[in-house]
S.K.: 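Quick one: this structure, given as structure tokens, is what I'll be asking you about.
As a basis for the values below, the full set of heavy atoms in this structure was taken, side chains included, without hydrogen atoms, waters or symmetry mates. Remember, it's a predicted structure, so these values are computed and weren't measured experimentally.
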Amino acid sequence: MRLHVADHPLIRHKVTVLRDKRTPSPTFRLLVDELVTLLAYEATRDVRVVECEVETPLVAATGTKIADPAPIIVPILRAGLGMLDGMQRLIPSAEVGFLGLKRDEETLEAITYANRLPEDLTGRQVFLIDPMLATGGSLVAAIDYVLERGATDVTCVCLLAAPEGIAHVQEKVGERADVSVVVAQVDERLNENGYIVPGLGDAGDRLYGIVDL
Ligand code: PRP
Ligand code: URA
């Protein structure tokens, strides 16, 4: 599994304002949208493309376009819906599917309650979007779901992640598929309720960049 923690001062700034409890809801939504667009730029670095011809006003030229079948963006309901516009802004030709997952707040297990996805995802690049990667249970359930339908190339875009959740996803995915997780920030740890606690952890250093786990 590949972990990509965005390394950009604007992203760090926006995450800080986002998590400020005084930030009003309209600003919060705008920041989510901006952050997703910035993360989508990184997350789509390996989007499949093909060479094509383009008629310019002067001559025909060789260009690049997104390959068929188009990628599919899958927001994990409900919170992932707030990230959809930002992703679609960068890849408007992508298809959209939905996966409804709910974390049981007692057991912290993910429960799947809805799905609107093509039965066959063979050969499709899948972008799973969800703002929080806490225990990782929801993301593992979503990854399993799309792998069972034939996907082999899955990129997860999250805003905040806990180290425990990343380790859980890594352990469960293993060598089964090419899975990347792109996040704006990795936080300190989970608390006793499985919520992400902001902070730097013992190392005192933020993790940035691309790491093969
Ligand atoms: C939140 C979040 C993730 C999940 C993360 O959703 O959007 O899907 O929890 O937790 P995990 O990594 O421990 O599984 P929630 O279950 O609260 O549903 P909601 O988006 O409908 O509020
Ligand atoms: N839901 C949240 O709002 N935060 C978490 O850390 C996990 C689930």
Side-chain angles (χ1 to χ4, degrees), residues 1-8 11 32-54 62-77 79-101 110 112 114-133 136 138-159 161 165-166 168-170 172-184 209-213:
M1 188 183 100
R2 174 166 291 192
L3 174 68
H4 185 165
V5 188
D7 183 10
H8 199 291
I11 292 185
V32 168
D33 195 58
E34 289 175 354
L35 278 165
V36 174
T37 305
L38 293 169
L39 291 179
Y41 180 74
E42 298 294 350
T44 52
R45 201 166 272 285
D46 293 322
V47 73
R48 284 191 210 115
V49 291
V50 287
E51 221 175 68
C52 65
E53 282 267 298
V54 57
T62 303
T64 301
K65 68 174 185 182
I66 292 181
D68 283 330
I72 181 162
I73 304 170
V74 183
I76 299 177
L77 305 179
L81 265 186
M83 298 170 69
L84 182 57
D85 281 355
M87 277 303 286
Q88 280 188 299
R89 190 165 302 122
L90 282 205
I91 27 175
S93 58
E95 197 183 331
V96 177
F98 295 95
L99 198 49
L101 287 173
T112 309
N115 116 63
R116 193 82 173 89
L117 282 174
E119 274 304 312
D120 186 7
L121 292 171
T122 309
R124 305 291 294 269
Q125 279 184 303
V126 178
F127 291 90
L128 294 172
I129 54 177
D130 192 340
M132 315 290 280
L133 197 183
S138 303
L139 202 55
V140 167
I143 292 169
D144 283 346
Y145 212 92
V146 297
L147 294 188
E148 277 162 22
R149 280 162 178 70
T152 50
D153 182 338
V154 183
T155 301
C156 313
V157 183
C158 304
L159 298 183
I166 293 168
H168 182 64
V169 175
Q170 181 204 354
K172 293 293 175 188
V173 169
E175 302 299 317
R176 284 187 295 155
D178 190 4
V179 172
S180 297
V181 176
V182 181
V183 293
I210 301 175
V211 200
D212 280 315
L213 297 173

S.K.: Could you work out, with side-chain contact (heavy atoms from CB on, under 4.5 Å) as the rule, every residue matching L117, not counting sequence neighbours?
M.R.: I72, V74, L99, N115, Y145, V146

S.K.: Hey, could you give me each pair passing salt bridge (Lys or Arg N to Asp or Glu O under 4.0 Å) that has a residue in residues 39-49? Not counting sequence neighbours.
M.R.: E42-R45, R48-D153

S.K.: What distance do L3 atom CG and I210 atom CD1 have between them, rounded to the nearest 0.5 Å?
M.R.: 9.5 Å

S.K.: Can you name the nearest heavy-atom pair linking A161 to V183, along with the distance?
M.R.: CB-CG1, 3.9 Å

S.K.: Side chains of S180 and H4: closer than 4.5 Å at any heavy-atom pair?
M.R.: no

S.K.: Restricting to side-chain hydrogen bond (donor to acceptor under 3.5 Å, both in side chains), what partner residues turn up for T152, sequence neighbours left out?
M.R.: none

S.K.: Write down the atom of V126, the atom of A151, and the distance for their closest heavy-atom approach.
M.R.: CG2-CB, 3.8 Å

S.K.: Would you mind listing every side-chain hydrogen bond (donor to acceptor under 3.5 Å, both in side chains) that reaches into residues 64-74, with sequence neighbours excluded?
M.R.: none

S.K.: From the options I143, V173, V182, select the one residue that forms a side-chain contact (heavy atoms from CB on, under 4.5 Å) with C156.
M.R.: I143

S.K.: Please identify each residue that fulfils side-chain hydrogen bond (donor to acceptor under 3.5 Å, both in side chains) with D178, with sequence neighbours left out.
M.R.: none

S.K.: Does T122 have any side-chain hydrogen bond (donor to acceptor under 3.5 Å, both in side chains) partners at least two apart in sequence or in another chain, and if so, which?
M.R.: D120

S.K.: Can you list everything that forms a side-chain contact (heavy atoms from CB on, under 4.5 Å) with A177? Sequence neighbours excluded, please.
M.R.: L147, V179

S.K.: Salt bridge between R89 and D33, side-chain N to carboxylate O under 4.0 Å?
M.R.: yes

S.K.: Should H8 and L38 be marked as a side chain to side chain contact (heavy atoms under 4.5 Å, CB included) after you check the CA-CA gap, both sets of side-chain angles, and the distance that decides it?
M.R.: CA-CA 10 Å; H8 199 291; L38 293 169; over 6 Å; no

S.K.: Going by side-chain hydrogen bond (donor to acceptor under 3.5 Å, both in side chains), name the residues that satisfy it together with D85, two or more places apart in sequence or in a different chain.
M.R.: none

S.K.: Looking only at heavy atoms, which two atoms of P75 and G97 are closest? And how far apart?
M.R.: CD-O, 2.9 Å

S.K.: Going by the rule side-chain contact (heavy atoms from CB on, under 4.5 Å), which residues pair with V211 if we only count those two or more places apart in sequence or in a different chain?
M.R.: L207, L213

S.K.: For the residue pair L139 and C158, what are the closest heavy atoms and their distance?
M.R.: CD2-SG, 4.3 Å

S.K.: What's the separation between atom CE in M1 and atom CD1 in I166, rounded to the nearest 0.5 Å?
M.R.: 6.5 Å

S.K.: Could you grab the distance from atom CD1 of I76 to atom CE of M132, nearest 0.5 Å is fine?
M.R.: 13.0 Å

S.K.: Would you give the length of the straight line joining atom OG1 of T155 to atom CG of L39, rounded to the nearest 0.5 angstrom?
M.R.: 12.0 Å

S.K.: If you take all heavy atoms of R124 and A70, which pair is closest and at what distance?
M.R.: NE-O, 2.8 Å

S.K.: Shortest non-hydrogen contact from F127 to P71?
M.R.: CE1-CB, 3.8 Å

S.K.: Once you round to the nearest 0.5 Å, how far does OG1 of T44 lie from CE of M87?
M.R.: 6.5 Å

S.K.: So V181 and L133, do their side chains get closer than 4.5 Å, heavy atoms only?
M.R.: yes

S.K.: Residues in salt bridge (Lys or Arg N to Asp or Glu O under 4.0 Å) with R116, at least two apart?
M.R.: none

S.K.: Of all residues at least two apart in sequence or in a different chain, which pass the side-chain contact (heavy atoms from CB on, under 4.5 Å) check with E119?
M.R.: R149

